[in-house]
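The model shown is predicted, which means the values in this text are computed figures rather than measured ones. Excluded from the calculations below are hydrogen atoms, water molecules and symmetry mates; all remaining heavy atoms, backbone and side chain alike, are included.
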Amino acid sequence: MEKIMPLLTPLAILVGVLNESRLLPLSWLVPWIFAVMTLIGSLKSNLGDLLNVLLKPQKLIVLMVILHVVMPLVGWLAALLIFPDDPYTVTGYVLLFAIPTGVVSVVWVSIYSGNIALTLALILVDTLLSPLIVPGTLYILMGSSVEIQMGEMMKGLLWMVVLPSLAGMLLNQWTKGKVNTVYGPPLAPFVKVGLFMVVAINGASIARYLKHPDGKLLVIIAVTFVTVVLGYVIGSLVSRRLRWNYEDSVAVQFNSGMRNLSAGAVLAVKYFPPAVALPVISGMLFQQILAALSGFVIGRRSKRLLVLSEVERKRQAAPAKDADVFAKLR
């Protein structure tokens with residue numbers, strides 16, 4: 001299932017659009033499905049990993065600044081430039097980059113041998129703070145341009161994301177990791193199935209936009225693509241600038257680019273007019289594809305670094321070898 005992840009969300013959106021009348025009555029299930037997904041994903045977390053990162057929080061702070069200062073500003077400015085008279089679409093882009101990093105980023109970071117502890121700590125901290133960060137970001141950047149149900153949104157994030165995350169972490173801690181070892185692998189496919197269901201149902205909620213695409217929708221998809229790519233690029237540039245090691249660079253690159261779009265779609269559909277959901281749903285079309293492409297770039301770069309390090313090792317070994325030969329000749 002991990003191999004077909006890049007195709008999973010676009011396929012789910014297609015299923016949702018084609019089955020609009022059947023899936024729309026199931027919208028009430030989405031928060032429950034998402035809460036279960038969050039609980040399963042959080043079984044990997046424990047207090048020890050969180051404490052280790054919090055004791056040296058520099059990398060965590062850098063990631064949080066990228067996620068919740070730099071990228072929301074990028075999305076807001078890009079939307080204002082392209083859609084100056086459409087506050088709902090602008091709100092959609094702010095929401096797109098205000099939501100926490102994606103739980104599924106753990107999958108990609110682990111595939112490319114990145115820093116799992118940093119990723120899990122980021123997901124946990126970002127998720128726990130989301131009831132404050134998401135409404136706060138929307139209020140600061142959008143003000144009174146659109147009606148924001150801040151109280152209801154905070155409550156939704158609390159029981160849909162925060163409480164399941166805490167429950168998963170405490171279960172891991174209480175069982176000393178056994179709950180993840182025993183139940184993690186058999187439950188993992190349900191996260192992918194749940195993601196498919198959430199995206200399909202949310203796709204049905206905006207089917208009327210996707211069934212009759214116009215020029216504006218195509219522009220929204222293009223702007224979303226460019227801004228999401230910028231997240232990966234900014235993460236990569238920051239890690240190189242700060243000279244982070246390979247594991248940390250992988251973690252920052254994936255976490256800067258990926259978002260918990262299923263949670264964002266739930267919030268957009270539940271608390272805002274349908275137009276706000278379009279930027280978030282459009283991000284679902286290619287988030288996994290971009291993650292796969294980012295992984296390909298990371299893989300190529302790591303191979304190049306391995307070749308360069310091997311060449312350097314041989315170069316350093318050559319003078320010593322020549323010295324040994326010279327000594328024997330003497």
Side-chain angles (χ1 to χ4, degrees), residues 1-5 8-9 12 29-57 59-60 63-64 67 99-131 133 155-199 247-248 250-252 254-255 258-264 266 287-288 291 295:
M1 292 188 75
E2 287 177 2
K3 290 181 180 178
I4 64 168
M5 283 293 285
L8 194 64
T9 45
L29 279 173
V30 169
W32 294 96
I33 296 170
F34 194 82
V36 173
M37 290 167 54
T38 305
L39 174 64
I40 295 172
S42 299
L43 293 176
K44 300 183 181 75
S45 307
N46 61 63
L47 292 171
D49 291 337
L50 177 62
L51 185 61
N52 288 335
V53 176
L54 292 179
L55 288 173
K56 297 180 180 178
K59 293 178 177 128
L60 185 61
L63 275 166
M64 291 294 287
L67 282 169
I99 53 181
T101 188
V103 177
V104 74
S105 63
V106 173
V107 175
W108 292 103
V109 172
S110 62
I111 289 173
Y112 289 95
S113 304
N115 190 332
I116 295 292
L118 176 60
T119 300
L120 291 174
L122 173 68
I123 290 170
L124 185 59
V125 170
D126 204 11
T127 300
L128 294 177
L129 293 177
S130 60
I133 291 176
K155 285 193 288 187
L157 283 164
L158 184 67
W159 79 265
M160 188 174 67
V161 178
V162 176
L163 294 181
S165 294
L166 284 173
M169 182 183 69
L170 292 174
L171 278 171
N172 184 299
Q173 191 73 24
W174 181 47
T175 62
K176 298 180 180 179
K178 289 182 181 178
V179 66
N180 182 52
T181 304
V182 176
Y183 296 105
L187 288 175
F190 289 98
V191 175
K192 279 80 172 181
V193 173
L195 177 64
F196 188 92
M197 294 173 64
V198 167
V199 175
E247 291 80 10
D248 294 337
V250 170
V252 71
F254 279 117
N255 285 295
M258 302 197 76
R259 297 284 173 157
N260 202 335
L261 293 181
S262 44
V266 173
Q287 172 163 269
Q288 301 302 327

Is the shortest heavy-atom distance from the side chain of T101 to the side chain of L63 under 4.5 Å? no

Could you report the tightest heavy-atom contact between A251 and L118, atom names first, then the distance? CB-CD2, 4.2 Å

Can you tell me how far CD1 of I33 sits from CE of M197, rounded to the nearest 0.5 angstrom? 3.5 Å

By side chain to side chain contact (heavy atoms under 4.5 Å, CB included), which residues pair with T181, not counting sequence neighbours? none

Who pairs with D126 by side-chain hydrogen bond (donor to acceptor under 3.5 Å, both in side chains), at least two apart in sequence or on another chain? H68

Is a side-chain N or O of R259 found less than 3.5 angstrom from the main chain of L67, in a donor-acceptor match? yes

Residue set satisfying side chain to side chain contact (heavy atoms under 4.5 Å, CB included) with W174, at least two apart, ordered chain then number -> L171

In Å, rounded to the nearest 0.5 Å, how long is the span from CG of L43 to CG of N172? 7.0 Å

CG on L122 to NZ on K59, rounded to 0.5 Å: 13.5 Å

Without hydrogens or angle criteria, can the side chains of N115 and D248 be said to hold a donor-acceptor pair below 3.5 Å? yes

